[in-house]
Protein chains: 2
Amino acid sequence: MTVGQNIHSSPIPVLCHSCEARHSGVCGALDPDQLVRFAETTTRHKIEPGGALIGDAEPVYSYSNLLSGVVKLTKTLSDGRQQIVGLQFSPDFLGRPFKLESAINAEAATSVTLCSFPRAAVERMMKESPELEHRLFKQTLNELDDARELMVTLGRKTAPEKVASFLLMIGRNMHSGVDSAERPTCFDLPLTRAEISDFLGLTNETVSRQLTRLRADGVIRIENKRHVTVDSMSRLEQRCGGRVAPL
Amino acid sequence: MTVGQNIHSSPIPVLCHSCEARHSGVCGALDPDQLVRFAETTTRHKIEPGGALIGDAEPVYSYSNLLSGVVKLTKTLSDGRQQIVGLQFSPDFLGRPFKLESAINAEAATSVTLCSFPRAAVERMMKESPELEHRLFKQTLNELDDARELMVTLGRKTAPEKVASFLLMIGRNMHSGVDSAERPTCFDLPLTRAEISDFLGLTNETVSRQLTRLRADGVIRIENKRHVTVDSMSRLEQRCGGRVAPL
DNA sequence: GTGCTGGCTTGACCGAAATCAGGGCTTCGG
DNA sequence: CCGAAGCCCTGATTTCGGTCAAGCCAGCAC
């Protein structure tokens, strides 16, 4: 199982060597040969919080793998009302295939590192490798599942349930490690209060009030505004409104 | 361009001959040979309003093409609160590939006709024909776009804007023919008031009030509770909250 | 130091939509 | 014919979350 031993097929590019996208992300679909050709077209970027990745109604020239950090996908009404329609975590693929213009904005919520490739390179690879398209398809299906879950939260949950659901979602995405229902789980919120409110269809005041209430009730602790400790995940779950996802 | 002339490749199955799914739907991905083999496994159904197509948390044994009618996709909280997370029109493909259990319910909103195939047949065909998977991928991307559009409506629009947005969406989907911003457009609502409220995150009372208000303001006319005439689409658009989709 | 800015919290008040309630209409089946 | 059920409309009242306003605190420029 050593790498780069095959004389004819090229060794795996240095950059990709330890890249998470090669394992769980979409690049895992490519064989070493393809990966080498593909890697020639890629560039790495670091983007600070607030930096724009994709502009609404702008033509899209490149796609990216998200290597670290959190990206928020937003839509804005002309009078400024904003809704976050999705969050992306590593090793998600960023971009809307088969459409020149994006209908949404993508913005760095935290510090973000990207591996970007020109639009054409991805489309060429996708034609060449059905497995690549297959992985993108699967990720899109997961995004659709997430989107529909969020719809229930937006349309039918109360403010306390919304905030609890958000914390649960973030806890599950940000916390790498054992997920025990009873052991304390902690993580840093990747969003400000205002952003959380744009995610949940609330105001920052309401989000703030619900967080203090959760704190007062001993469900969570908060340090430095951002660092959250959930003592009992199951108590948090109870506040999310009846279970939707059956398991 | 006559069909079924080639002696070796089979003629197109009779059932599929005039089927919309063969043109704009996913079956267009298959060549006549594949279509014949595939058609052997299909069955047609008619389902009356309220009939269940896919149950939450039930294993899925078949996928379908929606040939006519409207299907609503719903999610329900344990206390009964419900959210419609999507509507499907012909010739949409119904079902969640790559997952044994559906996380949502699918139910006929109107009378519905389906062309169903066993799970295994679709998955076999998908492996055989990347073009089939490609079409499913594209449909899924469109569903994701729709879902995110609906999220803005759910999270950030007022009740009047929600109802106007719903009418606009239905008008665009149900009205086959020329879309003029100024010519009267009419269509039948595929949902009851209660269902519209589950779609928009409102109550049926609020939906009813907003509809009467639109009627009082001369934006729409309603006959027999279900048949809607929009005299000026542009006036309706003005009531949807600032444009999201840039065009 | 001072002043400014931006994110967060808290309180007082208000209003949009939910809830509660009643009544009309149509479609059933007896 | 009648009554029951479902869907829809409308009015009165309540309430949850939004709006407005003030203050705190950390970071930062000067």
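Predicted model, so just to flag it, every value in this text is computed and none were measured. Proteins come first, then strands; the chains are lettered A, B, ... in the order of their sequence lines, and each starts at number 1.
Comment: B:Asp198 does not engage B:Arg81 in a salt bridge, judged by the lack of any side-chain N to carboxylate O separation of less than 4.0 angstrom.
Here the NZ-CG distance, from A:Lys72 to A:Asn105, works out to 9.5 Å after rounding to the nearest 0.5 Å. In this structure, OG in B:Ser68 is found 7.0 Å from NZ in B:Lys46, a value given to the nearest 0.5 Å. Here the straight-line distance linking atom CZ of B:Arg172 with atom CZ of B:Phe89 works out to 13.0 Å at 0.5 Å rounding. Put simply, CG on A:Leu73 and CZ on A:Arg96 are 12.5 Å apart, with the number rounded to the nearest 0.5 Å.
Between the B:Gln82 side chain and the B:Lys75 main chain, no donor and acceptor come within less than 3.5 Å of each other.
In this model, the phosphate group of C:dG6 is not approached by any side-chain N or O of A:Thr192 to a distance below 4.0 Å at OP1 or OP2. B:Arg193 has no side-chain polar atom (N or O) that falls below the 4.0 Å cut-off from OP1 or OP2 of D:dC7.
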Should A:Glu161 and A:Thr153 be marked as a side-chain contact (heavy atoms from CB on, under 4.5 Å) after you check the CA-CA gap, both sets of side-chain angles, and the distance that decides it? CA-CA 8 Å; A:Glu161 288 166 349; A:Thr153 302; over 6 Å; no
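C:dC8 atom P lies 10 Å from atom CD1 of A:Ile222, rounded to whole Å. Between B:Arg226 atom CZ and D:dG6 atom P the separation is 16 Å, expressed in whole Å. Atom-to-atom, NZ of A:Lys225 to P of C:dG7 comes out at 13 Å; the value is rounded to the nearest Å. Per the geometry, CD belonging to B:Glu223 stands 16 Å off P belonging to D:dC8, to the nearest Å. Here D:dC7 presents its C1' atom at 12 Å from CD1 of B:Ile196, a figure rounded to the nearest Å. We find that CG of B:Asp198 is positioned 12 Å from P of D:dC7, with the value rounded to whole Å. One can place CD of A:Glu195 at 15 Å from P of C:dG6, the figure rounded to the nearest angstrom. In this entry the distance linking CG of B:Leu211 with P of D:dC7 reads 16 Å, nearest Å.
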Between protein and nucleotides 14-26 of chain C, map the contacts as a letter string: B base, S sugar-phosphate only, - none, heavy atoms under 4.0 Å, written 5' to 3'. ---SSBB------
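A rotation axis mapping the C1' atoms of four pairs onto the next four is fitted at both ends of the helix from C:dG1-D:dC30 to C:dG30-D:dC1 over five pairs, and the angle between these axes is 30° to 10 degrees.
Checked by atom type, the side-chain pair B:Glu107/B:Thr74 shows no donor-acceptor distance below 3.5 Å.
In this structure the side chain of A:Leu87 reaches within 4.5 angstrom of the side chain of A:Leu191, judged on heavy atoms.
Residue-level contact check: B:Ser208 touches the bases, meaning some heavy atom is under 4.0 Å from a base atom.
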